[in-house]
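Please read the structure below before turning to the comments.
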Protein chains: 2
Amino acid sequence: MMPLDAETALADTPPGHKDELRLWLRLLTCTNLIEAEIRRRLRAEFDTTLPRFDLLAQLERHPAGLTLGEISRRMMVSNGNVTGLAARLEEEGLVERRVSTTDRRAQSLRLTPRGRREFARQSAAHEGWVAELLAGLSDSEREALHRLLGRTKASVRAGLQEGGT
Amino acid sequence: MMPLDAETALADTPPGHKDELRLWLRLLTCTNLIEAEIRRRLRAEFDTTLPRFDLLAQLERHPAGLTLGEISRRMMVSNGNVTGLAARLEEEGLVERRVSTTDRRAQSLRLTPRGRREFARQSAAHEGWVAELLAGLSDSEREALHRLLGRTKASVRAGLQEGGT
DNA sequence: GGCGAATAGTTGAAGCCTAAACTATCCCGG
DNA sequence: CCGGGATAGTTTAGGCTTCAACTATTCGCC
């Protein structure tokens, strides 16, 4: 049974900023569709989760190690979130902690050799999945989409500035 | 002892799938940026959450009521998830349950008058927020993006068919 | 030196989410 | 009519996530 999605259900909403809403719902649907599939496969094939994978990816890009705070900023999640994630990954033997010698509050995380091997496997598969899911787009479509999403990101950031600060 | 650096690791990955990955990451970033802001505002201005809002939106579109199962399909979340969400919304007095007269397993959910009023307020604000965040795009950009995301959705669904069924 | 502000990280409470096991009910074919 | 398979919903265990309150440490400054 094919599930409905938010966008399909929008068929009959009242007038207004309708186009923007429709665009947002479609954006959300696309992302959720892909993300759900990636989570499913990470779970099925590697018995892991997207947040764990993302954390490992950060460490892979910074072999010298990252502090928990740096990780939380890069992943755009809260500090407390990283605490728990790191604890689970450490218990699995994929990352190791090291208290900073110059700042006893800080500790940096690094991949263990096993973590590095494990992430390499996951990462290769992940890249293939994404390519497979986006295979229906032509090169020029992908390029155009990439550009428009860049414009969207800029628009959103501008919108955030306005209200906040 | 010399660890791989990020560049080396990138160079090792199979060719051609880089663009797809980049596109996916940008799509994810855009969605997360918007979604986080909407969650923040729903919380700050209405003391509610996105899942609650989404569930109310489903009921608003179907005044005759929806069963929990229909809601879970439309929201693309699990059954158990809706059970909890519905319980919280019922406790807040925004929705009411009614056991089906023809099928004693099923119960349908409807907005209460208060739920309808409350959702109307939230919905109007929500639509404005989305329009505001996407205001930096021109009409033609929005249209092009909408079209490309439609193509993307089709590509992803095709990719899902392949593996599963 | 020492005090107050800032920073790094942890913890706890609460909500969201899933998969899997479970209960209750319905439906259908023999 | 009745037994098995499908369906509606709940429950449970576990993970993710945030916010707010907390501890420990460092830094700036007098």
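Every value quoted in this text rests on a predicted model; they were computed, and no experiment measured them. Chain naming here is simple, since letters A, B, ... match the order of the sequence lines and numbering starts at 1 in each.
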Provide, to the nearest angstrom, the distance between the [atom1] atom belonging to [X] and the [atom2] atom belonging to [N].
{"X": "B:Asp47", "N": "D:dA20", "atom1": "CG", "atom2": "P", "value": "11 Å"}
{"X": "B:Leu109", "N": "D:dA8", "atom1": "CG", "atom2": "C1'", "value": "13 Å"}
{"X": "A:Asn81", "N": "D:dG14", "atom1": "CG", "atom2": "P", "value": "19 Å"}
{"X": "A:Asn79", "N": "D:dT23", "atom1": "CG", "atom2": "P", "value": "17 Å"}
{"X": "A:Arg104", "N": "D:dC27", "atom1": "CZ", "atom2": "C1'", "value": "14 Å"}
{"X": "B:Gln107", "N": "D:dG9", "atom1": "CD", "atom2": "C1'", "value": "7 Å"}
{"X": "A:Leu50", "N": "D:dT17", "atom1": "CG", "atom2": "P", "value": "8 Å"}
{"X": "B:Ile71", "N": "D:dA8", "atom1": "CD1", "atom2": "P", "value": "13 Å"}

Quick one: label A:Gly69 by what it contacts on the DNA or RNA (base, sugar-phosphate, nothing), any heavy atom closer than 4.0 Å.
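Sugar-phosphate, no base atom in range.
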Give one of base, sugar-phosphate or nothing for A:Ser100, where a contact means two heavy atoms less than 4.0 Å apart.
nothing
Below 4.0 Å: OP1/OP2 of D:dC16 and any side-chain N or O of A:Thr49:
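Checking D:dC16 against A:Thr49, a side-chain N or O does come within under 4.0 Å of OP1 or OP2.
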Output the single nucleotide from D:dT10, D:dT26, D:dC16 whose closest atom is nearest the side chain of B:Arg97.
D:dT10
Of the candidate nucleotides D:dC19, D:dG9, D:dT26, which contains the atom at the shortest distance from the side chain of B:Ala106?
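Nearest to the side-chain atoms of B:Ala106, counting from C-beta on, is D:dG9.
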Between [Y] and [X], is the closest basic N to carboxylate O distance under 4.0 Å?
{"X": "B:Arg98", "Y": "B:Glu96", "value": "yes"}
{"X": "A:Lys18", "Y": "B:Glu127", "value": "no"}
{"X": "A:Arg52", "Y": "A:Glu92", "value": "yes"}
{"X": "A:Glu143", "Y": "A:Arg147", "value": "no"}

DNA chain C nearest-nucleotide lookup for A:Thr83 and A:Arg43: closer to the 5′ end is A:Thr83
Upstream residue (5' side of DNA chain D) when B:Gly84 and A:Arg105 are each assigned their closest nucleotide:
B:Gly84
Donor-acceptor contact present, side-chain A:Glu141 to main-chain A:Ser138, <3.5 Å
yes
Do A:Arg74 and A:Gln58 get their side chains close enough for a donor-acceptor pair, meaning under 3.5 Å?
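Their side chains do not contain a donor-acceptor pair, so the 3.5 Å distance test is not met.
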Might you confirm whether atom CD of A:Glu45 has over 12 heavy atoms from other residues, nucleotides or ligands at distances under 6.0 Å?
yes
Terminal contacting nucleotides, 5' and 3', DNA chain C versus chain A (heavy atom, 4.0 Å)
C:dA6 to C:dA19
